[in-house]
Amino acid sequence: MFGFIMRKAGYWFAKRQQTDQVPSPETPQKEISTKLDAALADVKDTTLSSSDLVVRRFFIGGDIRAEAAVVYIDGLVDSSLISRDMISPLLFDTSKSAVRQSGEDAIGVIHNSLVAANEAKITDSLYDAIDGFLQGDVTLFVDRSNKAIVMNAKGWRQRSISEPASEAVIRGPRESFVENLRTNTALLRRKIKNPALTFEPMVIGRRTRTAVAISYINGLAKKSVVDEVKKRLKAIKTDAILESGYIEQYIEDAPGSIFETVGYTEKPDVAAAKMLEGRVVVLVDGTPFVLTVPYLFLESFQAAEDYYFRPFFATITRAIRVIGYLITVFGPAFYVAVTTYHQELIPTSLLITMARAREGVPFPAVVESLIMIITFEILREAGIRLPRPVGQAMSIVGALVIGESAVSAGLIGAPMVIVVAITAVSGFLVPNQNNATILLRLIFLVMSATFGGFGITMAILGTLVHASSLTSFGYPYLSPSVPFDLDDQKDNLVRAPLWAMISRPKKMSGDLQRQQYAVPPDGQQSGGEGGRDEQ
């Protein structure tokens, strides 16, 4: 029902947009003037003579004495590169007799023989010339030429590579993505040194002009998935893209669902591993979080270090995460159901203890639960927004003081404090599902308070039906459990040994064969005549 409402709302907004078109703020296509003064005037008019715009005019050395100008944005470039590799050769290198030619010929000679920039391209569009220095490059204009040279001189300050803040690991790489797109592509290239690793650039956002890159391994990622990602990204018509979360909301399969169908990570090894399974990664300039598609519900219970430890421990850890997820979703609902409707399920001694603890509490169990859950969410949000030292102290002390005071005042029973505390801690085991678990917890709580155990059962069935209907870029959201696939169970709740994962997930990759399967006989090394290969 909620999805139907969202689709109708989207249709209504689309019709309204058609009847109320907003003109595009992009710079109109215009050729570069052959007069340097006119070309620079066009640049200043377009940028409104911004204070960080730098225009350096000079005369090219040699007999021609042609006037030129470099234009760049202060703070986005490396000024030493501009002086050494761009301005100095033009001022002092007079050995290029070909520079004596004027106009377009001079632009070609400068591009091929004088400037030492590692990247340089010639353009005759004023829009491309302006977009170049807005992206951190330097644009060179020459008098009597209707072309300009856009040269690479990016040199803004950026955060150094550090440990990931949201995906801490005990064993494994400790590096994370940063806010610079080119640094992030280099981190992926270090993990996958293969010519099939592809990066396709795009620019999204009419005003922000945000650089976006689609990354995949050619031959592993299905062409249909790659084409669908490109189609959805090109369909984004908005003014601003400031973080990958913007793009996630535009390209996800089910905007009306509480479940996320687009994954994200800030670890290069996780992104590389997903691409090696046939997935597509979307990198956005200005954020350390990259998007991964398709995204399955099962991935919420997987961690990078599951594949760095031995399979037995990794399997137990995954089972603990599943148990924690069930506790954080069903904990308060189950407590309210058994204390309100099904007291006969509680052992007599425990029931007497719980009744004694709740003696004098003026609220029913469901109100107690709502008060404690809302209080915990307030403390958690406050702890996140405050500075880290203050936030951590406030969260711990606040929880202890408020919980103890509520019990002492007789407003909340001690068992409810314990249930909510265990529920809150269990939610941290599966952080990727945190948004969904908060809503599911409230839904199950309301259903249990209204209908008891029957309400919980109905909520479970409704959730399973909804999740089973979801897809992520054409791939079933609950696979390989729904629909069930025996071959793909090797990396489901049980993490099989790496040497047994001979194939990639079905229907996701264009090349299912990951490796050859060889069983070491009697402790000997695998391979050769002693092993057996299976397809």
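Numbers here simply count residues along the sequence, with the first being 1.
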Could you go through the side chain to side chain contact (heavy atoms under 4.5 Å, CB included) check for T340 and V366 one step at a time? CA-CA 9 Å; T340 305; V366 61; over 6 Å; no

May I ask you to test the Y335-M354 pair for a side-chain heavy-atom distance under 4.5 Å? yes

Could you check whether any side-chain heavy atom of M501 comes within less than 4.5 Å of a side-chain heavy atom of R495, counting everything from C-beta outward? yes

N-O pairing of D285 and R209 below 4.0 Å: no

Evaluate the side-chain hydrogen bond (donor to acceptor under 3.5 Å, both in side chains) criterion for residues S300 and Y295: first the C-alpha distance (whole Å), next the side-chain angles of each, then the deciding distance (0.1 Å), finally the verdict. CA-CA 9 Å; S300 304; Y295 180 73; 3.0 Å; yes

All pairs passing side chain to side chain donor-acceptor pair (under 3.5 Å) where residues 365-378 contributes a residue, at least two apart: R358-E368, E377-R380

Return the minimal non-hydrogen interatomic distance between F177 and P268, and the atom names on each side. CZ-CA, 3.5 Å

For the CD1 atom on I170, are there more than 12 heavy atoms of other groups (residues, nucleotides or ligands in this structure) within a distance under 6.0 Å? no

Out of curiosity, D239 CG to R207 CZ, how far, rounded to the nearest 0.5 Å? 5.0 Å

In chain order, what residues pass the side-chain hydrogen bond (donor to acceptor under 3.5 Å, both in side chains) check against R321, with sequence neighbours excluded? D306

Identify the heavy atoms of P332 and T328 that sit nearest to each other, and give their distance. CD-O, 4.5 Å

Taking only residues two or more places apart in sequence, or in another chain, which ones meet S468 in a side-chain hydrogen bond (donor to acceptor under 3.5 Å, both in side chains)? none

Identify which one of V329, L439, V336 satisfies the side-chain contact (heavy atoms from CB on, under 4.5 Å) criterion when paired with F444. V329

Would you name the heavy atoms of V280 and A221 that are closest together and state the gap between them? CG2-CB, 4.3 Å

Which value, rounded to the nearest 0.5 Å, describes the distance between R504 atom CZ and R279 atom CZ? 11.5 Å

Taking only residues two or more places apart in sequence, or in another chain, which ones meet K222 in a salt bridge (Lys or Arg N to Asp or Glu O under 4.0 Å)? none

Smallest heavy-atom separation, E252 atom then R232 atom, equals C-NH1, 4.0 Å

Find out whether Q489 and P480 are in side-chain contact, i.e. whether some heavy atom of one side chain is under 4.5 Å from a heavy atom of the other. yes

Which pairs would a plain distance check flag for residues 185-199, meaning a side-chain donor or acceptor within less than 3.5 Å of a matching protein atom at least two apart in sequence or in another chain?
residue	atom	partner	partner atom	Å
T185	OG1	R182	O	2.7
T185	OG1	R182	NH1	3.0
R189	NH1	N194	O	3.2
R189	NH1	L197	O	3.4
R189	NH2	L197	O	3.4
K191	NZ	E175	OE2	3.3
K193	NZ	R190	O	2.5
N194	OD1	A196	N	2.8
T198	OG1	A196	O	3.0

Taking atom types as modelled, find out whether D269 and Y308 have a side-chain donor-acceptor pair closer than 3.5 angstrom. yes

Any side-chain heavy atom of V284 within less than 4.5 Å of one from Y246? no

Kindly compute the distance separating OH (Y477) from CD (E260), expressed to the nearest 0.5 Å. 7.0 Å

Nearest non-hydrogen partners of H466 and S469, listed with the distance: O-OG, 2.6 Å

Non-hydrogen atoms of S176 and I161 that approach each other most closely: O-CG2, 3.6 Å

Count the heavy atoms of every other residue, nucleotide or ligand shown that sit under 6.0 Å from CZ of F451, and state whether that count exceeds 12. no

S448 side chain to A333 main-chain N or O, any donor-acceptor pair under 3.5 Å? yes

Would you call V417 and M372 a side-chain contact if the rule is heavy atoms closer than 4.5 Å? yes

Taking only Lys NZ, Arg NE, NH1 and NH2, and the carboxylate oxygens of Asp or Glu, determine whether D491 and R318 approach each other closer than 4.0 Å. yes

Would you say V293 and Y475 make side-chain contact, with heavy atoms under 4.5 Å? no

What distance separates L233 CG from I251 CD1, expressed to the nearest 0.5 Å? 5.5 Å

Please enumerate all residues that pass ring-ring contact (aromatic ring centres under 6.0 Å, His included) together with Y325, with sequence neighbours excluded. F297, F301

